[in-house]
Amino acid sequence: MDLALAEARAAAAAGEVPIGCVVVRDNRVIARAGNRTLADRDPTAHAEMLAIRAAAAAVGSERLVDCDLYVTLEPCPMCAAAVSFARIRRLYFGATDPKGGAVESGVRYFGSTTCHHRPEVYPGIGETEAAGMLRAFFRERRT
């Protein structure tokens, strides 16, 4: 999670919402990304989406069955669906997102009967730092 938090800090430094993600396979980071929705002018350029795309390219497959994903914020519905479609083995996330999350909050995507694959989910990893970074980012935007 430390590497995902570093990606979140880099995203914040670039003016993006501070969310970072890494994908790990065989105890090795194969992909990492921070949010780039503004830089890419792409509403789908969430950290998870970018990291999943990079991991799939690195592995040479759309199936990431033996991969774990670490992200600093609870995934939104789009990212939760991508985690499921990629067949990510384990999902570790930092802060919960009561407004936009889709794992423990909101639609709870993995609990849906239409969900094809449910990863093991481990919430609250690095939660204090991840939530603090987000609060500080948005506090600065409001003043």
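Note that the structure is predicted; figures quoted are calculated from it, not measured.
Among all heavy-atom pairs drawn from A31 and A55, the shortest one is CB-N, 3.5 Å. Between V17 and A11, the closest heavy-atom pair is O-CB, 3.8 Å. Scanning all heavy atoms of the two residues, the minimum distance from M1 to Y70 falls at N-CD2, 3.9 Å. Taking all atoms of both residues into account, the shortest heavy-atom contact from D40 to A45 is OD2-CB, 4.0 Å. The minimum heavy-atom distance between A82 and M49, with the atom names listed, is CB-SD, 3.5 Å. The shortest non-hydrogen separation linking A51 to A33 is N-CB, 3.9 Å.
In this structure, E16 CD and L38 CG are separated by 4.0 Å, a value rounded to the nearest 0.5 Å. The OG1 atom of T96 sits 7.0 Å away from atom CD of E104, with the distance rounded to the nearest 0.5 Å. Atom OH in Y109 sits 9.0 Å away from atom CZ in R118 (nearest 0.5 Å). Between E74 atom CD and E48 atom CD the span is 10.0 Å, to the nearest 0.5 Å. Note that the CG atom of L50 and the SG atom of C21 stand 9.0 Å from one another [nearest 0.5 Å]. Put simply, CG on L134 and CG on D97 are 8.0 Å apart, with the number rounded to the nearest 0.5 Å.
Residue L91 is grouped with residue F85 when hydrophobic side chains (ILVMFWY) are merged at heavy-atom distances under 4.5 angstrom, including chains of intermediate members. Under the 4.5 Å side-chain heavy-atom criterion for ILVMFWY residues, a single connected hydrophobic cluster contains both V29 and L5. Taken together through direct or relayed side-chain contacts under 4.5 Å among Ile, Leu, Val, Met, Phe, Trp and Tyr, L3 and M133 form part of one hydrophobic cluster. V121 and L69 fall within a single hydrophobic cluster, where Ile, Leu, Val, Met, Phe, Trp and Tyr are joined by side-chain heavy atoms under 4.5 Å apart, directly or via other members. One hydrophobic cluster, built from ILVMFWY side chains closer than 4.5 Å, holds both I52 and L73.
F137 carries R141 over the face of its six-membered ring, with the cationic atom under 6.0 Å from the centre and within 45° of the normal.
With a 4.5 Å cut-off on side-chain heavy atoms, I30 and C67 count as touching. Using a 4.5 Å cut-off on side-chain heavy atoms (C-beta onward), V59 and R25 make contact. At a threshold of 4.5 Å between non-hydrogen side-chain atoms, the residues E62 and R87 do not count as touching. Considering only heavy atoms from C-beta on, V23 stays 4.5 Å or farther from D68 through its side chain.
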For H46 and T37, run side-chain contact (heavy atoms from CB on, under 4.5 Å): C-alpha distance rounded to whole Å, both residues' side-chain angles, the deciding distance at 0.1 Å, then the answer. CA-CA 6 Å; H46 291 195; T37 58; 3.8 Å; yes

Test side-chain contact (heavy atoms from CB on, under 4.5 Å) on S112 and V107; report intermediate values, then the result. CA-CA 8 Å; S112 168; V107 298; over 6 Å; no

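Atom CG of D66 sits in a crowded spot, with more than 12 heavy atoms from other residues, nucleotides or ligands closer than 6.0 Å.
Listed for the E7 side chain is no donor-acceptor partner under 3.5 Å among the backbone atoms of I19. Not a single donor-acceptor pair under 3.5 Å links the side chain of T72 to the backbone N or O of G94. For H117 (side chain) and I88 (main-chain N/O), a donor-acceptor pair under 3.5 Å exists by modelled atom type.
No hydrogens or angles considered: a donor-acceptor pair under 3.5 Å links the side chains of T44 and D42.
A salt bridge links R9 to E129: one of the charged nitrogens lies within less than 4.0 Å of a carboxylate oxygen.
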